[in-house]
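Position 1 is the first residue of the sequence, and the numbers go up from there.
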Amino acid sequence: MKVLVLALSALCVTQGLYNVGLGRGDVTGPAAEIGMMGYAKQGQNTKGIHTRLFSRAFIVEDVDSGTRVVFVSVDEAMMGQLVKIGVIENLSALFPGVYTEENVVLSATHTHSGPAGFMQYVLFNVPNLGFVAQTLDAMVDGIVESISRAHASLAPGKVYHSVGVVDEEASINRSPTSYDANPEEERARYPGNLDKEMVQLSFYDDQGTALGVLNWFSVHPNSMNNTNHFISGDNKGAASLMFEKAMDPDYVAGKTPFIAAFASTNLGDVSPNTMGPRCIDTGLPCDTEHSTCDGRTQMCIASGPGQDMFESTKIIAERQFRKSYDLFSNPDTYTELSGPVQFVHQWVDMSSYQVSLEDGTTVSTCKPAMGYSFAAGTTDGPGEFDFTQGAVTGNPFWDFISGLLKDPSPETEACHAPKPILLDTGEYTLPFPWHPTSVDTQILRVGNFAMVAVPGEFTTMAGRRLRESVARAAAEEGEEMNIVIAGLSNTYTHYITTYEEYQKQRYEAASTIYGPHTLSAYLQQYGVLVQAMLKGEDLPKGPPPPNLSDQEISFVPGVVMDNHPPGYQFGDCLQQPLDSAPGQRVTASFVSGHLRNNLMLEDTFMTVERFETDGWVVVAGDSDWETLLEWHRTNVILGESEVELTWDIPEDAVEGLYRFGHKGYHHTILRGNFYYEGWSKEFTVGENTRNMKLPLKNDATLARKPWDSISTFFGLNM
């Protein structure tokens, strides 16, 4: 990598127009017995970690004006208003007057493999049994940490913009019949129903040292399907770790100086499951209009290019990583950004936004509501009942069930037509609101590059229309802007389709909660924003969202106690690892406390350690791709738990003596949480190291007194 830095240093030796700062923070929430956010599948609860989740922050400051903007890409399913409220409150205390809701964008990657419970509206917390403060706190603290580190690293630097096509197959359109409903002349302007371009910013200091990259490519991070129970950044999080480790191979994942963020954009109808949907019972293609097999959605499932979801995640991640690294390492693709740094922000009420159409008529968005096809799910994760995509009529049984909550008003039904309303969320008020109405709209500018932060998932064509609309509005003010859509930013309002796609009422359209004119409203709103920003005009702040934190409800039980089996202590190794070779898998199991006792943020529950002259050196933790930590209760009554640690030994692993480590906290009824740690016996990697011995062994499985477990139960031993 030093050769690359030297090759690029000629680009960067002059004083830049910007100060730049990058930072990373750990946002990994509770890894045991908490519902996962993304598929809304009851019972899909966390039981360990494949890769940790991170927040990656990028700050750019205009040296002349002192104006700065912050873009944060977070390995989470979506962004919540409570998260941004908490982040801004913390930043205001740390850096008064510097960071506000106006110049900070929080964008989620949309991994479907993180813990839930951080959203403030009822609908989002139903599958996971309510609000989970621990998830919210981990996100807020980790995001603030990433921004604080970026703030501390601010120094003169340069930013380069590059664009390239991802030639390898990394995505498919999962609703092609909806896409085909768009006007033929519009579709003819594009090579297909996917956006295959990757847009990237590369950050350097003023000495030519590479600091990081931030890119946007359209694909859902849901290669890990709804049978997964391990926390994972999915394909985008994996691509970030791949790039960071490629730049700093001697660091444990998540600790590298170089920072790479693979952010979300208009991914609404874009799937990583490139093998496409098939009927899993027959192997035949699904019905394309409704994504069913013999009339049922449950059997129509799309799969990725790998043999299992882990391999599929890795393949899609590698394809993104390779294009990103190609753009980064090829200076011929670079365009240096220069010019002012600006931002604009406004809250708008999306339940009644007035839109002026091209024909001179005025229409309005609607109170939030979910259609029937929302319950059908997608080919990436089908629903559980007899709903199908493309439903434009209701069902008497489900109409009755939803009517038990509240029948939609005639005005709401007419506003959302042709959507048959399943959940009239905008008119539900008990126990508190089910969906947001006040929504952030925001744009950040660095030179001629604009990040349009949108509060949901735009489909491919909806995103194209928004990019073109914002560019046209900027051109009217004499500015030629490069536009990128930053998806799932600041809050979450489900999907945004085109008007034509909305008529098809597949999943994405049924989940366009503000009705058929939602996209038109955003086209108008972001046009207003960009022109106000370029003119230097102040806009009214708009109606801020409520803070419902004091109304949240949770049915998630806490950790009552932890106990160890008789004859063992917490951290004891129950199953010792075997001597292994590169390319093989090695495992060990330990007596464990509950993983929710302490999230071990900025740390790890597991280590893989190699013995060197100066002692043990950590070579991998629970944030590394090649590790897996699986937790399970072995005795619910007594509170006994185990963790199984797995390491897929890299082919280039150094031969030598290794050991596993496990650490965490156990919970006692009387005295709270206590730290513990333990190690396995050493094992060899490589044929030539099998006879190596340690000067001193640490055997963590020495026999314990049977009554030790009783004292630990009550927290009587330290």
Side-chain angles (χ1 to χ4, degrees), residues 38-41 77-78 109-113 166 169-182 187 190-196 217-226 234-236 264-280 284-293 296-306 309 312-313 315-316 319-320 371-383 387-391 456-464 485 487-488 494-498 500-512:
Y39 292 108
K41 183 178 180 180
M78 56 199 64
T109 61
H110 201 37
T111 175
H112 287 41
S113 295
V166 179
E169 187 179 44
S171 60
I172 62 169
N173 191 302
R174 71 184 185 190
S175 286
T177 57
S178 291
Y179 178 89
D180 288 343
N182 292 303
R187 288 184 282 118
Y190 302 99
N193 60 12
L194 295 169
D195 284 339
K196 294 189 175 184
F217 173 70
S218 178
V219 66
H220 255 76
N222 61 353
S223 296
M224 302 293 288
N225 61 43
N226 63 12
D234 210 280
N235 58 63
K236 287 192 176 292
S264 63
T265 181
N266 57 315
L267 47 67
D269 53 357
V270 187
S271 169
N273 294 310
T274 55
M275 298 302 291
R278 310 284 293 187
C279 296
I280 59 174
L284 298 174
C286 305
D287 167 69
T288 56
E289 186 71 27
H290 301 289
S291 297
T292 58
C293 299
R296 300 178 65 240
T297 60
Q298 290 89 341
M299 305 304 290
C300 178
I301 298 177
S303 59
M309 59 183 169
S312 292
T313 299
I315 291 171
I316 299 300
R319 291 172 182 176
Q320 293 178 77
Y372 265 65
S373 296
F374 155 75
T378 72
T379 54
D380 295 330
F387 296 95
T388 60
Q389 296 200 61
E457 303 178 58
F458 278 60
T459 63
T460 299
M461 191 63 84
R464 289 168 176 171
I485 292 173
L488 299 106
H494 297 268
Y495 286 75
I496 299 92
T497 67
T498 68
E500 294 83 359
E501 292 166 349
Y502 188 88
Q503 308 308 306
K504 302 291 289 185
Q505 278 301 298
R506 283 178 59 82
Y507 174 83
E508 294 82 12
S511 305
T512 298

Quiz prompt | Full working for side-chain contact (heavy atoms from CB on, under 4.5 Å) between L267 and L488 | solution = CA-CA 10 Å; L267 47 67; L488 299 106; 4.1 Å; yes

Quiz item: Shortest non-hydrogen contact from V270 to S171?
Solution: CG1-CB, 3.4 Å

Quiz prompt | Passing candidate, side-chain hydrogen bond (donor to acceptor under 3.5 Å, both in side chains) with N182, options E501, R464, R187 | solution = E501

Self-check item: E508 CD to S175 OG distance, which is reported to the nearest 0.5 Å
Solution: 3.5 Å

Self-check item: Over all atoms of both residues, closest heavy-atom pair of Q298 and I280
Solution: O-CD1, 4.4 Å

Exercise. State which residue, out of D195, I496, T459, fulfils the side chain to side chain contact (heavy atoms under 4.5 Å, CB included) condition with N266.
Key: D195

Quiz item: Does the SG-to-SG distance between C279 and C293 fall under 2.5 Å?
Solution: yes

Quiz prompt | Nearest-0.5 Å distance that lies between atom OG1 in T497 and atom CD in E457 | solution = 12.0 Å

Quiz item: So, the side chain of N173 versus the backbone of N193: is there a donor-acceptor pair under 3.5 Å, distance only?
Solution: yes

Quiz item: In a check of side chain to side chain contact (heavy atoms under 4.5 Å, CB included) between T498 and each of Q503, K504, M461, which one passes?
Solution: M461

Quiz item: What pair of heavy atoms forms the shortest contact from C286 to I301, and how long is it?
Solution: SG-N, 4.4 Å

Quiz item: Between NZ of K196 and CD of E169, what distance do you get to the nearest 0.5 Å?
Solution: 7.0 Å

Quiz item: So, does S373 use its side chain to make a donor-acceptor pair with the main chain of Q505 at under 3.5 Å?
Solution: yes

Quiz prompt | Nearest atoms (heavy-atom pairs only) where P221 meets N235 | solution = CA-ND2, 3.4 Å

Quiz item: Strictly by modelled atom types, are S291 and R506 linked by a side-chain donor-acceptor pair under 3.5 Å?
Solution: yes

Quiz item: Would you say the side-chain atoms of S223 pair up with the backbone N or O of M309, donor to acceptor, closer than 3.5 Å?
Solution: no

Exercise. Could you tell me the separation between the CE atom of M78 and the NE2 atom of H494, rounded to the nearest 0.5 Å?
Key: 7.5 Å

Self-check item: Taking every non-hydrogen atom, the tightest pair across F217 and V166
Solution: CE1-CG2, 3.5 Å

Exercise. Step by step, work out the side-chain contact (heavy atoms from CB on, under 4.5 Å) result for H110 and H220.
Key: CA-CA 7 Å; H110 201 37; H220 255 76; 3.4 Å; yes

Self-check item: From CZ (R278) to SG (C300), nearest 0.5 Å
Solution: 10.0 Å

Quiz item: Going through the checks in order, is the side-chain contact (heavy atoms from CB on, under 4.5 Å) test met by I316 and D234?
Solution: CA-CA 9 Å; I316 299 300; D234 210 280; over 6 Å; no

Practice problem: Measure the spacing between OG1 of T297 and OH of Y507 and express it to the nearest 0.5 Å. | Solution: 12.0 Å

Quiz prompt | side-chain contact (heavy atoms from CB on, under 4.5 Å) assessment of T379 paired with N273 | solution = CA-CA 9 Å; T379 54; N273 294 310; over 6 Å; no

Quiz item: Can you check whether T460's main-chain N or O pairs, donor with acceptor, with D269's side chain at less than 3.5 Å?
Solution: yes

Quiz prompt | Residue pair A510 / F374: nearest heavy atoms and the distance that separates them | solution = CB-N, 3.4 Å

